[in-house]
S.K.: 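One structure, as structure tokens, below. Some questions next.
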Amino acid sequence: SQHSINMNISQESTGELTATLKIEVSESDYIESVNKKLKEYQRKANMPGFRPGKVPFGLVKKMYWAATVLDEVNHLVAREITTYISDNKLEIIGYPIPDNEKVKDIDFGSQQDFELYYEMGFRPDFELRFSDEIKPDYYKIVGTEKEIEDEITMIARNYSEVINPEKSEAGDWIDGKYEQLGEDGEPLADGLNAESYVNVNSVQSEEKKAVFIGLKEGDQVSFNIREVFDDSKEIERIFKLKTEEASAVDGMFRFTVSKISRMIPAEINEELFKRLFPNEKNIDEVRFRELIAENITFRYEPESDSKLFDDVKEKLMELHEFRLPEEFLKKLLLDRNEDSLTREEIDTEFPELIKSIKWDMIREKIYDKFDIKVDQEEIKNVVRGYFKNQFGGHIDEHKEWVESTIDRILSDEKESEKIEAQLYYGKLISVMKNNLGLQIKEVTHDEFHVLTGSPSAHEHEHEEQTHETDV
């Protein structure tokens, strides 16, 4: 039969957001379970001079009584405190910390009744301000005319077709055979030779570039290889040599042309528009340029979002003036990280920790208000997305392998938490964009960087939740 426990728990306020829990434990609360534990010990005990399990109960009690009482009392008290907190719907930070000062004189060996004390810190109650009164600036990065032109040039190149002209020009690729020549201008019997190509534009000097211009299939040209390729990288590539071997290659070589290839960029016309944007009806050059501009803006969106996030976070931190039980928090951090943090380190890092805890509390309220959650399936879908890119339409053929690999990846807690943090961040950005009355400002990428004072978008590392401050 479960012995009914009637520990007396009382709470006394010690400040605006702190209180002491006093727990009165009487012998009747723990005696039954302690005796039961001691009988188990007696059954298993092995002591010189006694047969196994035949050690007298008195001796077992004498040896293990104090430690067992301490264990059982801690166990019972922890359970009672949890019940008390949930019954009274207390919004606490972290967990109650034992007040060791007050209990240092207790003798668990000889006392029957004990008074234990715990310190508690409470979450401040505050009203979330998260509405269109905030009106943050949102910097929408738009492409310049030059960026749009560059993008179109690149697209034309990517969709170019290859032709094989009669004669070579700058910009062509020429396939052929390289042969190392001897003093007499004839190929060396044991010289270097290779079937490869030359990209005419990769020849640095204009004078040497001319060697490869105006050639036809079957033509031969001789040259000093060092004068044509001043970079050993090309020599490495052509003859498949190691770096140090390539840097030793020198002297005259002959090149015999076997094929000339030229990339003809795609024409900027309706056919190209349709290939790029098959879902667009009646697409003309004006609309094409608009779509290219939208793509550029879309590419820069993570940077715009990152700036919005930082600005809104700062604004919310200003708008929400609530206090935290700082002394209690220091004790909590010390208790939780006693092996890794000293009191001095906590004092040094404390202002930042307070900010981080405060932001966590504001963020929790936003999650509650907009019912933001991330479930396991969403996390899995992110990883599935990686594989979809890899396998394209064939992902179903690899389904079993993919699913077991996903499970393996996510069994690494760090990896799983990283993806979860990214998903929360995305949902947070989305409610910021939809609820705060954004003031859209169009800027170029250069103007944006002047504004942010940063050479590039900063990563939201600080968005990943740290357990040290999770309260």
Side-chain angles (χ1 to χ4, degrees), residues 1-38 40 66-104 106 108 111-126 322-341 353 356-358 360-361 363-365 367-368 373 375-376 413 417 420 465-471:
S1 70
Q2 180 64 51
H3 173 71
S4 76
I5 292 172
N6 47 17
M7 281 182 199
N8 191 18
I9 300 189
S10 53
Q11 181 184 333
E12 190 185 325
S13 174
T14 53
E16 192 189 343
L17 291 166
T18 52
T20 297
L21 271 189
K22 176 182 172 189
I23 297 150
E24 297 167 54
V25 183
S26 54
E27 189 179 37
S28 61
D29 291 325
Y30 62 80
I31 190 78
E32 212 170 286
S33 56
V34 167
N35 280 331
K36 196 169 146 195
K37 271 271 162 64
L38 291 173
E40 274 174 40
T68 311
V69 169
L70 178 63
D71 259 10
E72 281 305 300
V73 167
N74 275 336
H75 181 72
L76 289 171
V77 167
R79 209 173 59 203
E80 288 299 304
I81 289 177
T82 306
T83 308
Y84 178 84
I85 289 168
S86 81
D87 287 353
N88 292 282
K89 300 189 171 43
L90 301 181
E91 290 280 333
I92 65 163
I93 292 181
Y95 50 84
I97 306 171
D99 183 340
N100 296 325
E101 244 336 274
K102 287 194 172 144
V103 296
K104 65 178 194 301
I106 292 182
F108 284 95
Q111 267 172 264
Q112 276 95 42
D113 302 337
F114 317 105
E115 284 181 4
L116 302 175
Y117 296 87
Y118 287 80
E119 294 177 65
M120 283 195 302
F122 298 108
R123 283 173 171 269
D125 190 30
F126 64 94
F322 56 81
R323 300 178 52 83
L324 287 164
E326 302 202 355
E327 272 315 299
F328 172 79
L329 280 169
K330 285 182 181 176
K331 287 181 183 167
L332 181 67
L333 288 162
L334 207 53
D335 188 70
R336 185 175 277 180
N337 304 290
E338 56 189 338
D339 306 331
S340 53
L341 277 177
L353 280 168
S356 146
I357 291 167
K358 194 173 160 177
D360 282 348
M361 289 183 171
R363 198 171 50 180
E364 288 301 318
K365 288 251 188 202
Y367 292 164
D368 282 351
K373 295 186 185 70
D375 60 39
Q376 198 52 29
E413 226 168 274
E417 279 168 12
E420 184 180 33
Q465 306 181 5
T466 52
H467 289 288
E468 304 307 2
T469 64
D470 263 1
V471 289

S.K.: Tell me whether Asp335 contacts the main-chain N or O of Lys331 through its side chain, where contact means a donor paired with an acceptor under 3.5 Å.
M.R.: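 No, because the side chain of Asp335 does not come within donor-acceptor range (under 3.5 Å) of the backbone of Lys331.
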S.K.: First locate atom CZ of Phe328, then atom CD1 of Ile92, and finally report the distance between them rounded to the nearest 0.5 Å.
M.R.: 7.0 Å
S.K.: Does the side chain of Ile23 reach to within under 4.5 Å of the side chain of Phe114, using non-hydrogen atoms?
M.R.: no
S.K.: Out of curiosity, Glu16 CD to Leu324 CG, how far, rounded to the nearest 0.5 Å?
M.R.: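 Rounded to the nearest 0.5 Å, the CD-CG separation comes out at 10.0 Å.
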S.K.: Starting at CG of Asp99, measure out to NZ of Lys22 and round the result to the nearest 0.5 Å.
M.R.: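 With rounding to 0.5 Å, CG (Asp99) is 13.0 Å from NZ (Lys22).
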S.K.: What are the two closest non-hydrogen atoms of Pro124 and Leu17, and how far apart are they?
M.R.: CA-CD2, 3.9 Å
S.K.: Using side chain to side chain contact (heavy atoms under 4.5 Å, CB included), reason through Gln11 and Leu90 one step at a time and then give a plain yes or no.
M.R.: CA-CA 11 Å; Gln11 181 184 333; Leu90 301 181; 3.9 Å; yes
S.K.: Considering all heavy atoms of both residues, which atom of Thr14 and which atom of Ala19 are nearest to each other, and what is their separation?
M.R.: OG1-N, 3.3 Å
S.K.: Test Leu329 against Leu353 for side chain to side chain contact (heavy atoms under 4.5 Å, CB included), laying out the working first.
M.R.: CA-CA 10 Å; Leu329 280 169; Leu353 280 168; over 6 Å; no
S.K.: Please determine if Lys365 and Asp368 form a salt bridge, counting it only when a charged side-chain N lies under 4.0 Å from a carboxylate O.
M.R.: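 Salt bridge absent between Lys365 and Asp368.
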S.K.: Just by distance, do the side chain of Asp29 and the backbone of Ser26 share a donor-acceptor pair under 3.5 Å?
M.R.: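 Yes, because the side chain of Asp29 sits within donor-acceptor range (under 3.5 Å) of the backbone of Ser26.
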S.K.: Walk me through whether Ile93 and Ile357 qualify under side chain to side chain contact (heavy atoms under 4.5 Å, CB included).
M.R.: CA-CA 10 Å; Ile93 292 181; Ile357 291 167; 5.6 Å; no
S.K.: Has the side chain of Lys37 got a donor or acceptor atom that lies under 3.5 Å from a matching backbone atom of Asp71?
M.R.: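 Judged by distance alone, no pair lies under 3.5 Å.
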S.K.: At what distance, to the nearest 0.5 angstrom, does CD of Glu420 lie from CD of Glu413?
M.R.: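 CD of Glu413 is found 10.0 Å from CD of Glu420.
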S.K.: If every non-hydrogen atom of Gly15 is compared with every non-hydrogen atom of Ser13, which pair is closest and at what distance?
M.R.: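 Where Gly15 meets Ser13 most closely, the heavy atoms are O-OG, 3.2 Å.
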S.K.: Rounded to the nearest 0.5 Å, what separation is found between the CD atom of Glu24 and the CD1 atom of Ile9?
M.R.: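 It comes to 10.0 Å.
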S.K.: Considering non-hydrogen atoms only, spot the tightest contact between Ile85 and Pro96 and give its length.
M.R.: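 Ile85 and Pro96 have their closest heavy atoms at CD1-CG, 3.8 Å.
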S.K.: Evaluate side chain to side chain contact (heavy atoms under 4.5 Å, CB included) for Phe322 paired with Asp125, printing each intermediate quantity in order.
M.R.: CA-CA 8 Å; Phe322 56 81; Asp125 190 30; over 6 Å; no
S.K.: Between Asp113 (side chain only) and Glu27 (backbone N and O only), is there a donor and an acceptor less than 3.5 Å apart?
M.R.: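 Between the backbone of Glu27 and the side chain of Asp113 there is a qualifying donor-acceptor contact (under 3.5 Å).
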S.K.: Nearest 0.5 Å, what's the OH-CG distance between Tyr30 and Asn35?
M.R.: 10.0 Å
S.K.: Verify whether the ring centers belonging to Tyr118 and Tyr84 lie closer than 6.0 Å.
M.R.: no
S.K.: What closest approach, in Å, do Leu76 and Met7 show between heavy atoms, and which atom pair accounts for it?
M.R.: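 Heavy atoms of Leu76 and Met7 come nearest at CB-CE, 3.5 Å.
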